Amino acid sequence: MTPVVVALAGNPNAGKTTLFNALTGARQHVGNYPGVTVEKKEGVCRHQGQSITVVDLPGTYSLTAYSVEEVVAREFLLRDQPDAIVNIVDAANLERNLYLTCQLLEMGVPVILALNMVDVAEDRGIVIDHARLAELLRLPVVPLVARHGRGTKELLDAIVALVAEKRPWQPLRLSYGEDLDGILLEMEALIQERGFLTDTYPIRWTALKYLENDEPVMDAGRRHDPATAQELETLARRVSDHLRQTLETDAEAIIADHRYGFIKSVVRQAVSRRPRIDRLYASDRIDRVLTHRVVGPLCMVAVLYGLYLFTFTVSEAPVAWLADFFSWLGGTVAALLPPGPLRSLVVSGVIDGVGGVLGFVPLILCMFFGLAFLEDSGYLARVAFMMDRIFRLFGLHGSSVMAYIMSGGIAGGCAVPGVLATRTLRSPKERMATLLTAPFMNCGAKVPVLALFVGIFFPAQQAQILLLLTLLAWLVALVVAKVLRLTVLRGAPTPFVMELPPYRLPTVKGLLIHTWERTWQYIRKAGTIILGFSILMWAMMTYPQLPAEQLAQLAAQEQAAAALPAGPERAAAVADAAAARNEAALRYSIAGRIGTGLEQVSQWAGIDWRTNVALLGGVAAKEIIISTLGTVYSLGAEVDDHTALDEVLAADPAWTPLRALALVLFIMFYSPCVATLVCIRKETGSWGWVLFSMTCNTLFAFGFAVTVYQAGRLFFAG
Ligand code: GDP
Ligand code: MG
């Protein structure tokens with residue numbers, strides 16, 4: 001059998017030398033690591049007929065580049081690639097010792113955790129569930145008392161088993177927060193594409209080292225491929241400038257925080273009565289209240305309700321101002337332009353479409369501000385931590401909560417960042433189930449539509465119904481996720497190791513920048529995708545125009561009405577004639593034809609052809625539903641009567657609360673918008689899932705709406 005090489009790594013005083021002696025006895029050889037004065041001890045032992053060479057690495061707390069020892073240790077691991085690494089940790093100081101473990105896992109080397117000094121830990125009343133520890137860290141754990149040679153046989157068994165297994169080792173991928181995760185992916189792509197140092201270093205590890213400003217790696221990079229090194233350094237500098245501005249800290253500190261967060265979460269689940277790291281002490285005390293079994297969820301509900309209240313009260317007035325402004329703008333522009341296609345395009349296509357979206361900027365701004373506060377302070381991570389228990393029942397993961405929240409699980413939001421947020425999920429199946437169900441949340445574009453209908457048809461119970469709809473969205477998302485996890489995405493759950501960063505007081509500057517970044521994304525969407533689709537929708541609703549003879553006939557009817565003697569009858573006749581003309585024109589247009597065609601089916605859910613037109617636009621972007629309904633339902637297609645949409649709908653006898661409810665349910669659950677679909681395609685890498693998401697969601701939404709509509713008619717109306 002080929003001899004295997006095992007390296008011993010650990011903090012100073014963890015018991016490395018003691019273990020080394022226990023394993024190898026007198027068969028030792030002392031030399032130096034090449035080029036440096038660091039002592040290198042090697043020894044040999046035999047176990048189960050296998051010859052094992054043990055190398056004692058220098059004792060280090062970390063694998064950064066602060067000392068020669070650290071550099072020597074990690075260079076040995078990466079260049080000599082030992083068959084296994086025994087990471088010896090002091091069980092009585094587990095949190096501090098696991099920092100090194102975490103870095104070893106990030107390198108992707110095969111690690112066995114030797115849990116030393118369990119005798120000391122036991123004396124101090126520290127109970128470590130090592131099976132759980134092994135499960136959470138995904139490595140073999142062997143308890144030891146090196147001084148008495150207890151556990152060394154089991155350790156050797158574990159080494160032989162690990163080497164025989166030849167499992168390909170995956171580097172542990174931690175999330176380092178939104179700011180760093182994005183840039184890391186970018187750097188990884190670059191490193192992979194150029195084959196940058198990939199012979200020696202794992203891809204993500206190199207990227208991390210650039211963020212950590214690690215001189216030895218950056219030196220090696222400059223020598224290997226100066227151009228790529230330059231690009232990576234620029235990327236790293238950009239993110240560190242950004243962090244200094246927003247959070248007044250650097251990437252290294254954030255990375256360390258997230259590693260400690262990860263460790264803390266592991267220790268929390270595997271160790272009872274544990275000692276603490278001082279830096280995290282205050283956070284732990286806060287957590288004792290905020291993540292308490294009973295008090296925690298109550299606080300969470302209060303915080304979320306506060307966010308809701310803050311968003312809606314603060315934004316109420318500015319939203320109204322903006323709505324007034326756009327309606328004024330529409331009127332003014334209409335008065336300036338001559339009647340005709342240009343006026344109709346500018347007023348109905350551009351101003352109504354884009355105005356409808358920009359009108360919600362204050363609401364979005366407030367919401368993002370609130371979310372930025374919760375996120376920057378570290379609270380959002382606790383929400384995920386608490387929700388994990390519930391999510392587990394549905395085959396999801398605590399981290400899925402974040403994706404749901406970002407997609408609009410609390411108030412507004414957007415499925416695009418929600419889908420992107422699933423990147424922190426480690427299990428592909430849990431990730432898939434999350435990203436396919438996140439679009440069920442009531443995003444910032446759906447909320448105004450829901451608010452409109454609820455406001456018209458259920459004015460007395462607005463807040464309660466909106467809250468119920470939010471809960472319904474969660475329920476449906478969870479149930480659908482469960483169904484997916486039981487069928488197409490079947491697989492075992494992964495243990496929950498969520499990074500719990502220490503609490504920080506957010507800086508005002510950081511909050512403003514984070515809020516602005518996201519709001520700007522929303523505004524940019526209004527200026528690009530939505531502008532484009534609103535013009536397209538306008539064209540589809542305007543062309544082809546009615547043939548000349550039919551137009552003449554309709555115009556004659558209008559003239560006849562206008563010729564009636566003045567009075568309420570004439571007014572009614574004029575309005576009817578105008579409505580008839582607009583309806584005829586709309587029915588004749590492409591969009592109208594599609595809408596009327598679909599009505600055959602959609603009527604089962606009480607959805608008429610006009611609404612179909614708006615729903616069609618909603619696939620482009622949910623914001624377009626309202627602006628299209630506005631155009632479709634405004635009695636004159638031109639602006640002469642800019643009657644508010646809610647008044648028109650409220651006055652229309654064809655609309656009942658039941659119909660409104662069925663429509664709201666359909667809108668909540670049907671196909672995700674184009675931007676989300678593009679994102680799903682990017683994240684899953686397949687058009688199949690895009691198609692799945694479009695058709696299954698729409699079928700489900702339709703089934704739901706039909707059931708509610710027909711049941712409602714049976715029990716209440718009929
Ligand atoms: P190194 O710095 O990692 O090489 O640590 P050493 O092997 O020199 O051990 C540091 C101290 O811890 C020594 O006094 C050892 O006797 C003691 N020690 C090592 N393993 C154990 C153990 O399992 N239990 C106890 N109680 N002491 C241990
Ligand atoms: Mg030693």
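One-based numbering, in listed order, for ligands and for the atoms of each. Since the structure is predicted, the reported quantities are computational estimates derived from the model, not experimental observations.
Tested against Val163, the residues Ile52, Asp83, Val5 include a single side-chain contact (heavy atoms from CB on, under 4.5 Å) partner, Asp83. Here the options are Leu136, Asp129, Leu113, the test is side-chain contact (heavy atoms from CB on, under 4.5 Å), and the partner is Val141; only Leu113 passes.
On a distance-only criterion, Gly15 and ligand 1 share at least one N/O pair closer than 3.5 Å.
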Dump the intermediate steps for ring-ring contact (aromatic ring centres under 6.0 Å, His included) on Phe391 and His397, then the final yes or no. CA-CA 6 Å; Phe391 268 53; His397 192 262; 9.6 Å; no
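Distances from atom 1 (P) of ligand 1 to the heavy atoms of Arg147, Arg150, Lys16 show the closest one on Lys16. Nearest-heavy-atom check against atom 26 (N) of ligand 1 across Asn13, Asp119, Thr17 picks out Asp119.
With rounding to the nearest 0.5 angstrom, the CG atom of Asn11 is 8.0 Å from the CG atom of Asn87.
The ring pair (Phe, Tyr, Trp, His ring centres under 6.0 Å) test applied to Tyr201 returns Trp205, not counting sequence neighbours.
Both the backbone and the side chain of Thr18 come within 4.0 Å of ligand 1, judged by heavy-atom distances.
Applying the 4.0 Å criterion to heavy atoms of Val145 picks out, from ligand 1, the atoms 22 (C), 23 (O), 24 (N). Near Ala146, the atoms of ligand 1 lying under 4.0 angstrom from a non-hydrogen atom of the residue are 20 (N), 22 (C), 23 (O).
Within the 4.0 Å heavy-atom cutoff, Pro12 counts among the residues contacting ligand 1. Residue contact check for ligand 1: Ala14 places a non-hydrogen atom closer than 4.0 Å to it.
Residue pairs meeting the salt bridge (Lys or Arg N to Asp or Glu O under 4.0 Å) criterion with at least one member in residues 191-205, sequence neighbours excluded, are Glu188-Arg204, Arg194-Glu231.
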